[in-house]
Structure formats: C-alpha cells, structure tokens
Amino acid sequence: MNLNAIAIANIKRRKAKAAFVLTGLLLAVATVVALLGLRQAVSFNMIHQLEQYGANIVILPQSDSLALSYGGISLGGVSFDVRKIHEEELQQVYTIPYRQNIAALGPVVLGVVSANDHDVLLTGLDFETTPVLKPWWRIHGATPSHEDQVLLGAEAARLLGLASGDTLRIENSDLIVSGVLEPSGSQDDQLIFTPLPAAQRILGKEGQISMAEVAALCHGCPIDEMVAHIAMALPNTQVMAIQQVVESRMQAMDHFETFAYGVCGVVIVVSGLMVLVSMMGNVRERAAEIGVFRAIGYRRRHVMRIIFLEAGILALVGGALGYALGQVVMRLTLPLFTIGDAQAMHHHGGHGDPLLPVLAVGLSVAVGLVASVYPALMASRMDPNEALRAI
Amino acid sequence: MSDIIASGLTKQYGQGSLAVTALDNVELRISSGEFVAVMGQSGSGKSTLLSILGALNTPSSGTLTVDELDIYSLNQDQRADFRREYLGFVFQSFHLLPYLNVLENVMIPLAVIAGSRRNKEEKALAALAEVGLDRKANRLPSEISGGEQERVAIARAVVNDPPILLADEPTGNLDSRTGAEVMDLIGRLNDKGRTIVMVTHSEENARHAGRILRLADGRFVDV
C-alpha cells in the first residue's frame, strides 16, 4: 500500500468524475493534435502546391519600357532598345548555385500572325515543360507533338471556329489543330501555341526567344537569391519573381496557423477549468477522508501528492487516448483541407512527427497538474479537526 | 514512556463578546500506560480536549507536552509526524475509506512510511488478527458489520504501534453487545501497555478505565 494505490483506488471508485476529467483532457488533446497535424499537413500541401503552381520566375529581354496595361486591357507601351535573348544563352540558368531547385525552364517566342484572316498572338513553347510550367492546362485533344500541329486557346478556337482535327492556315503554313485548351480565364485563352521551332520559323526569329519561364521549387530555397543569380548569369535580361502568388499563399497559411493556435489555446484553457472544477469538487467531497489522512499523520505534501497522482494518472490516460482520437479526426478531416494525395499529406503531417505523441501526453499531464495545484493546496490546507467535525 | 502533561489549556472559539470558552485553564497529567475516560455533557469540552491531545487543535493558551515534546511549538509537518508516531485515533464514525478493502484501510497509516509492501501487509494482518478480523481482510467496509468496522478502525489506529490511543465515543454507533466487545478489545490494548484516552457518555464504558475525568463548562469537576 502506498499513495499511488490510494489514488488509483479513488479513481476507480469515482468513475463518473474521473470520466469527466478524462474526457475534458482527451478532447483538448485530440483537438490540439488534430489541428497541429492538419496545420503541418496543410503547410506541406501548400508548399507542394506552390511547387506545382507553375512558373514563379520570368526572364524578359532587358528594355527601357513601361507597360501600359491595366486589368487585362493593353494600351500598348513605349519601348527603347529592346535587347534580344538567344536561345543558347538560356543554358546559363543552369550554372547558378541553386540549379537543383529548377524544376523546369521554358523558352517562349511571341509574335503576331494572321490566322484565317484574324490577327492572333502566336506563342512558341517547349511542350515538354508545359506540365510543370502550366499545370492548370486542361486540353481537349492533345498537345502538339509535331511542328505542323497547333494548340488553340479556348477563346481563339471560338473566334476562329476551329476544333481538334481542323486545319488552320497561319501565314503560308497549314497547321493541324491537335487540341483546344479549356477556358482558364487567363491570357492563354486568347493564344495559339505551336512548338518553339515552328513558331521561330513562322515569325522569322530562328534561335531567338521573347522570354523564358522558370519553375523553381520554393520549399527551402530562397527565391530572391535565385532571381539575383539568374540575373547575373543573364546580364541582358530582366529577371522577376512572381512574389504575389507566394506571399498570398503564405498569408493564407499564416491565417490558418493563427486560427489553429487560437483554438488550441481556448480548448486548453477550457479543459484546464474542467479539471480545476472537478478536482475542487472532489476535494470538498473528500473532506472527512482528508481529515483522516491528516489525523493519522499524513503531511500536507502527502495529501497534495494524492491529488496530483490522481490528476496525473487521468491526464496520462487522457493524453494517450486524446492523441489517438486526434489522429483519427485528422485522418478523417484531412481531405477537406488539402488538395491531392491526402494520405501522403497525412504522412507529412502530424503522423510524421515523432515528437507529437510525446508533446500530446506532456501537454495533457501539464494541464492536469497545473489545474490541480489549487485543489491540491486547498486539500493540504484543510484543518483536520474541522474536516472531521464536519461529518 | 509517553506521559501526557497538559498545563493551563484554554480554548476559545470566536472573539470578543461572541467568544465561547470550550476549555478553561485545564491541568492534566496522564501517565504512560494509563486508561483514562473523559465524561461530560454535550458541549462540556471533552471533544475539544481530545482534539487538543491529538495535536489537531491548537489551544488558545497553555501547553501540551508528550515525552517532553511541546506539541504546539512544533510546525504542521512535525505535528503530523508526531501523530503518526505517537497516536492512534478511533473515531465514532469509523471513517473507513469505502473504496479500500479492510486490509488496505488498515495499511493507510503505513502508506507514507518506508518499507516493503510485504512487510506492511504482515503488520496490517497482525493488527487485524489482534482485533479478530484477519479472515475478512479482503472485504470492503460495506460488506462487514458496524462492530467489525469499529474493530477495523481500531486495527488501523494501532497498526504502526503507537504508544497512545485516543478514542472518541468508540461505541457510540454500536449496540450494547457489540459495544461491550469493542470495550473489551480496548481494555486488552491497554493491558499491553498502551495509554488510552477515551471520550464517552457511557458510565458502563467508563468503568473499563482506570481513571474517570468529568468535564463541565470546560473545567474538570472531579479529577
């Protein structure tokens, strides 16, 4: 017989009250585990999506020009001394220190052509890079696999009255429409795409490109440094990061984190109050028992230890069960918060963090013990004489 | 030797004009091995005297000395240690813990002292054998009679072999036959050398004591 045995026996006797404390801690830990796990998984998912978002760096010819466009309406522009980019120069991009973070490099050549009596913007691309650079593309048909094939933007196809398999005459070449893009709301809807060499030939820009797009893997890579390094490697170009995309995504992530931490804080405080109220009730109900303990020679710290042992045991069990429940809740709700492979996200979320179970149980025990400090002090300060007379 | 010497013990509850004097300048000496019964009407101060003798209730003035220890000059923890080493309490309402079995109830005082579980169990079983309940060690308090519960409380009071036993109306909740059995048991404990101080209303029970003290209005009227 020791104090542990007394604490365990009392827990077994007061099952309903023990269940109340245990449930409070279990729900708190489950909520914290689920939210932190979701936060990690969503964060990983967002980074993963960012990596798949497409081009996040653009390389343009250096010029002294001001773009005169607003909200998609172009009013032309004033350009001075536009320098050309030669296709072979682009390979310099692969000399930068962070070259392993470059997922794709896509040269683009642009030019206005006449197609079926309409002026349209012809875009030459390396279609091998488009799955990385333009992952949002959905195509009815196929991407061009030969130089005599063409891919139409949705709006361009509508205006020209063409569908997959039709023939389009551009300048003096007959090209077969291999596919049509689904409307995306982007400038791509207005364009006609051909393989880069075909466009260079039609536009008379052999070996030249108008711009290039770079998809950089941003998880753990400093995008600003990559931009600077590319600019140094290509001195006659303007290199820019599409910061807005990254920052808005990160801001959304920050909001979710703040929300998750806020909910965790509230839940922890509420569960602590549940433990406090329950343990105080427990102590009041056991006044006579505590009086007997004190009368037969228990020191104040012995009485406190019984209260802490009870709270600690319940918190330990509540923490372990709460962790398990939190994992289940996270697994069930993960598909609502992430895009793509939820299981993979889960693996990179809470489940993948070996410290989380330790933190979950530690949190539960800490909340249980801290909330029991006042009840334990109250119990230890009970006057044994008063406690025994109260019966 | 565990002589109990009370000198000038006074206990007042409340303050000013509302103050009630429960004990009034009580002088008392109880020799080691003595069996003393304290009698008196309700409100005469006998329970207050017992709680002060039990180091549970600080007197307003006066001193209590046991084995030359000035009990109320000790701090709370030292007083708890004194109770554990010197005193056994037998309460009128038994105060057994309902969620522990008979053996575990008897072992409660041993839970805070060093020793193996086996050793503690042996001590508790010996105490239960002394009161004739070793065969009911695994029963819960609710599964035994009132007289047996009182005997369990006595076993708990003596399990760590204290020299002094303080009993507050030990037969108050028992029928006369069971009460007589309990008094015989207390008498046997005194025969083995324990000092016994018992508060009682019963003249019959008091006759088991070697000395009877009568309290009225906080003073001994017949020492």
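Per chain, numbering begins at 1; letters A, B, ... match sequence-line order.
By the neighbour-count criterion of 12 heavy atoms within 6.0 Å, atom CG of B:Asp77 is densely surrounded, having more than that number from other residues, nucleotides or ligands. Counting heavy-atom neighbours within 6.0 Å of B:Glu143 CD, excluding the residue itself, gives a total above 12.
B:Arg83 places a side-chain N or O within donor-acceptor distance of the main-chain N or O of A:Arg294, the cut-off being under 3.5 Å.
For B:Leu87, no part lies under 4.5 angstrom from a heavy atom of chain A. Neither the backbone nor the side chain of B:Arg79 comes within contact range of chain A, judged by heavy atoms closer than 4.5 Å. In this structure, chain A has no heavy atom under 4.5 Å from any part of B:Pro162. Neither the backbone nor the side chain of A:Arg14 comes within less than 4.5 Å of any heavy atom in chain B.
B:Leu97 is listed as a side-chain neighbour of A:Phe293, based on a closest heavy-atom distance under 4.5 Å. Counting heavy atoms from C-beta outward, B:Phe89 and A:Val292 have side chains that stay 4.5 Å or more apart.
Here the closest heavy-atom approach between residue A:Asn385 and residue B:Leu56 is recorded as CB-O, 3.4 Å. Residue B:Arg84 comes nearest to A:Gly297 through the heavy atom pair NH1-O, 2.6 Å, listed as atom of the first residue, atom of the second, then distance.
A distance of 10.0 Å separates CZ in A:Arg300 from CG in B:Asn75, rounded to the nearest 0.5 Å. B:Phe91 contributes atom CZ, which lies 7.5 Å from atom CD1 of A:Ile296 (distance to the nearest 0.5 angstrom). Once rounded to the nearest 0.5 Å, the distance linking CD1 of B:Ile108 with CG of A:Asn2 reads 12.5 Å. Between B:Leu100 atom CG and A:Arg13 atom CZ the span is 9.0 Å, to the nearest 0.5 Å.
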